[in-house]
Amino acid sequence: MLRTMIRKEWQELTRDGRVRVLAGSILLLLGGALAASAVGVRQARSERSAAEALTRTHWVTQEAKNPHSAAHYGIYAFKPAPVLSLIDNGVDPFAGQLTWLEAHKQNEFKARPAQDALPLARLGALGASTVLQLLVPLLIIVVAFAAFAGERESGTMRQLLALGVAPRTLAMGKALGVSTVLLAVLLPATVLGVLAVVQAEGAGAVAADAPRAVTLGIVYLLFFVVWIAVSLGVSARARTARSALVSLLGVWMVTGLLAPRVASDLSRRMVQAPSAYEFATAIANDFSKGIDGHNPADARAKALEARVLKQYGVDSLSQLPVNFAGIALHAGEAYGDSVYDRRFNELWSAYERQEQVRTGVAVVAPVLAVRALSMGMAGTDVAQYRRFTDAAEQYRRQFVYAMNEDMTQNAGEADFEYKASQALWTKVPPFSYAAPNLGWVLGQQRGALLVLLAWVVVSLGWAVTGVRRLSPL
Amino acid sequence: MTATARPAPVVAPSALREHRRAPALGRLVRHEWRLLTGDRFGLTATLLFAALLAFASLSGMARHAREQRTIDTVEREYRTRVDSVRARFAALATDTTPPASPFAPDPRMPGAVGNTLAAPWATLPPGPLFALATGQSDLVRPYVKITTQSRQTVVQLEQLDNPLNLLDGGFDLSIAILLLLPLVVIAVGYGLLAEEREQGTLALVMSQPVSVTRVVLAKLIVRGGVVWAATMIAMLGTALISGALAAPLGGVALAIWVGVVTLWIAIWLALCLWVNAGQRSSAANALRLVAIWLALVVVAPALVNAAAQWRHPAPSRVELIGRMREASNAANARGTELLKQFYGDHPELAPPGSVDLQDFAARRLVVQADVDRTLAPLLDGFGAQLAAQQRVVQRWQWVSPAIAVHTVLLDAAGTGASRYRAFEEAITRFHAAWLSFFADRIYAKRRMTTADYAALPAWQWSEASAGALGRTVAPSVAILALVTVGVMLAAVRAVRRVTPVG
Amino acid sequence: MLDARGLTKRYDDHVALHPLTLSVPRGEVFCLLGANGAGKTTTINLFLGFTPPSGGVAEVAGVDVQRAPLSARQHLAYIPETVMLYRTLSGMENLRYFTDLAGRPDVTDARLREILLDVGLPGEAADRRVGTYSKGMRQKVGIAIAVAKDAEALLLDEPTSGLDPQAANEFSRLIERLAGRGVAVLMATHDLFRAKESGTRVGIMKHGHLVQTLATADIGHADLERVYLDHMRD
């Protein structure tokens, strides 16, 4: 019975030119997007590793110089391009790709790809994630809107129910029919996706990304289940196929198109994050209240000097077994670190609260939850961006500390005239960053995950009650 | 039936037949208005649209106020700082003792004045219709501190913001007009004729001595008029409240917006009409129109943009870092040589007495100048590639009117690519002037004088002329007008062939 | 008033109407009988100009429908199987609109109300939404449109099918009254009884041919049915 119904749905749907055109376009766009981003990701990765190698060479081949000069010379950190970003590049175009790690300063990440793109790009690139989040639901609507409403309108529902078909069986047949059509698109899409990932990174590394990739797939499947349930639920309740279609298109447009932008505006207005000026001014103010490691005339430096002399039980700086300039630099860094910790933490937590506002909007527009999870799995969400910048900052502090410590221990009375050898540069390990595991990402996105699961349960329940009360009139 | 009590004859005297005339458009319009107010779905869509327009207006005004406030703050900060620096200089002007340290913020030292003490902000006032279109304004910082550092350090326009918000962009009137307005036109227009066909009234209408085009015209006037009026109220209200008319180019920009939005509505009405001229059901029309919307508003701009990026890819900022380091390593290694060469080429800038080739400030400047010279073509490459991309988009904008509408709305609002590019170029020029002003004095080891303070280069933003704006948007507006006329004609031709029979 | 001369309608694969010559003068009710697909509706659509003829001419009040559809339609009124109206508007609002479309904005609202009463629509119904109307009430609004327009020719396409006998009778009386005042009526119908009752002449159509024309005065009910069935038998 069920098989007969699925076959009938399949025949009916695949004969519909609109379904064929839409499914074909989706596959075409998806294939194109994946191919283009596979090339892009691969290029970005090789570019970045080349730049890392080059700047590392610059670092280790520095001539003999004062360690503090080396700290000022600094090191560059480049944001890695995760392989799964070819499916969802998330905030990557709008996140800085690189930063300069130098003495005294935590620089912001610079060079957003978006700044070198046209305003047209802001209308939305047609990446794989857009196709999955926007176009596939449209396909589901086209396939499912007439499921019950159409049969009701044409009177065939009377016929079916009069034959003694249970509404539940009818619904099952419809749901499976829709899913079959969807699978006909999604299976080749998955193959394309895997091919793109392998192409971008090579088969070996894919295994490492497998848990994230599989979760990504599950998230999208759940999202499609929600859309199938909502579409069938609306179709079961609508009097005519037209009203089913029009209301589903309305929901699609409002949730898919408006919700992200409105959420972005709402979050900005509810949680005000500092502007570049406010941020820089706050940091500058904090600094004016603290020790300046460079300025011996500074009163705070004088106090530090007194403390250190007392600690070592000597009367003058020349009697110290260590270099005072190094100690002053340490003190300056420590104060700077406390300022940056506080200000950057404020900044990021403002962004976090903005994201919570979005999770709130996701309660009415599940696509927002799916987006958050999708970016999370792809490694391109704000949380993982922050985690990376934090890691880079930790690395900066460690290498600047190593430079200042070398100065403290070895400069003697030479102060800034002291020169360290190349051996010191190679002692600083290259910066490496390991992406967090799946559990960490899910923990960060637990709000979105809850919202999505709730949507699955509620939409299925809603569809089931709609079908139970199915009437042919 | 008993006819005895009937007062009047059923058929009037045939003399009256001569009075027949085509129904006045006003009467048809009134009828269509009644129909629209009875259409629950169309009404809901229109009201939702109006609510979203109001939201976009409020957001836009808040954004505009914040931008203006920040710029005011920045400019105030500069005035206070410079006033205090001038006062300190006045007190020290005749003092010839050397400064406490080479790094001391001493208002007599050109290095300190140019790099920190009097470093001016180059600011960009919000564009005339800033409140109507976010455009690139959330990416670009409209205030840049001009110092004597290198070009790639100073000319940095990145705004600080949550990347997630940047990704989604805001919801403003330009977005409401570009993405949403067509959908609202579709919502009130997908059943223009198909609904009449479905409910059977089309046959009755067409059995009357009135041309379908006239009836359709009334429908278009009412349905398009409602959307047009709502959009205009939101647009003009936001523009007036945010002071657009007082801003330079405000009037011209607003006129461009009114024209473009009108054409944009007309295009979508015509598309609705054209789709309705077929024999399909209203549901099929709705799907077809949404598909057209998807193709024109979502897919086509993304593809054209992708093509432009593929054709003229932006240089890599990641690679630039390596080049920059190499250039600065090389220049640093040749510092003494460079400085010697410089004083050889510019004997007039040599300080009195012996030349100190190890002078920190002079060496830094000459090294920096060398790095900037090496990097200039690379840095110019970013702007050049972007301009090349823009030309590709211009060339392909006939693919979808959405591209032209987007470009024109942003350019007129002053938040598009052209104005920010002009800002960046102006900053680059101003930075060069500022740098050279102080470099001369640093090389010559001269101290600041009262005359120097009076002659400090001042930042001045000059807005493009109305003519220039007109020339920028003219090709796109022309294409839009052509597309509108073309689609209208095609739609009217198709409607002439409409019959009520399947 | 209604004249067809060699009126033909061909589609790619079949002929819907073989050359038809027919004339319905003022005051006559001409009923077209025939099975589904016999060409009745095609004939009416050709007179309305809803579909272009493949040959021949259809004229209304001497105006070639094909050449000047709008001026031909000035003289016409059309009542389909079910008069479909704007559901969200009242009967009165619908009548006003169609009267305006007919080029008669000069007919006052008071006069339109009079007409609605005259065709038998209950007074209170005139301001109710059409969505609540029965089929019989809609057909009456259809007649009212014809009356308000002061049409000289009336084209009806199975106007009484689905009406209960009393409503059908009422409707037929209205048609007869219009004919009595000089309107030419061409009505497609399946209803032999109504054709005999209201018609002055009856035409039997088959496979796009008008196979026989009878004057109803000359024939009884039983005879008409026999003649009709004979034709249908092949």
Side-chain angles (χ1 to χ4, degrees), chain A residues 18 29 36 47-48 51 54-55 58 76 78 90-91 93-95 97-98 108 110-112 114-126 134 138 142 241-242 245-246 249-250 253 257-258 260-265 267-269 273-277 279 294-295 297 351 354-355 382 385, chain B residues 41 52 55 59 62 70 73-74 100-101 103 135-136 139 141 143 156 158-171 175 179-180 183 281-283 286-287 290 298-299 301-306 308-309 314 316-319 321-322 325 329 382 386 389-390 393 403 406 410 416-417:
Chain A
R18 295 174 302 197
L29 287 172
E47 213 169 60
R48 274 162 218 210
L54 183 62
T55 51
H58 290 152
Y76 276 89
F78 301 93
V91 301
F94 299 93
Q97 317 170 72
L98 54 96
E108 293 139 35
K110 293 281 184 202
R112 298 184 179 118
Q115 92 191 64
D116 296 320
L118 293 177
L120 201 57
R122 303 297 297 282
L123 286 182
L126 214 56
L134 206 65
L138 190 65
V142 170
R242 187 187 70 164
L245 176 70
V246 166
L249 286 179
M253 177 199 94
L257 205 72
L258 293 184
R261 287 179 179 274
V262 171
S264 148
D265 252 12
S267 74
R268 265 195 183 128
R269 291 178 78 183
S275 68
Y277 176 74
F279 189 66
H294 267 305
N295 189 355
Y351 293 171
Q354 289 186 335
E355 204 166 346
V382 178
Y385 178 44
Chain B
F41 176 74
L52 285 164
F55 177 81
S59 288
T70 310
T73 312
V74 163
S101 91
F103 303 107
Q136 297 291 76
L139 283 174
R141 194 153 41 92
Y143 44 90
Q156 284 279 356
E158 282 183 67
Q159 181 61 285
L160 184 71
D161 204 348
N162 185 346
L164 200 52
N165 287 339
L166 294 177
L167 167 64
D168 284 332
F171 183 73
I175 291 298
L179 297 187
L180 202 56
L183 288 169
S281 70
S282 58
L287 262 182
V290 168
V298 179
V299 178
L303 288 184
V304 168
N305 185 54
Q309 280 182 344
S316 159
R317 299 234 174 227
V318 170
E319 262 178 38
I321 294 297
R325 283 244 129 158
N329 288 348
F382 287 94
L386 211 52
Q389 288 185 14
Q390 184 70 55
V393 169
I403 297 174
H406 186 248
L410 292 198

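Below, each value reflects all heavy atoms present in this structure, side chains not excepted, and no hydrogens, waters or symmetry copies. Every chain is numbered from 1, with letters handed out A, B, ... down the list of sequences.
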Proximal component of [X], with respect to chain A [non-hydrogen, under 4.5 Å]:
| X | result |
| --- | --- |
| B:Thr73 | both |
| B:Asn165 | both |
| B:Ser59 | both |
| B:Leu164 | both |
| B:Gln309 | side chain |
| B:Ala306 | neither |
| B:Ala314 | side chain |
| B:Val318 | both |
| B:Leu410 | side chain |

Of all of [options], which one pairs up most often with chain B through heavy atoms under 4.5 Å apart?
| options | answer |
| --- | --- |
| A:Arg112, A:Met253, A:Gln354, A:Glu47 | A:Arg112 |
| A:Glu108, A:Gln97, A:Arg269, A:Glu355 | A:Arg269 |
| A:Tyr76, A:Tyr351, A:Tyr385 | A:Tyr351 |

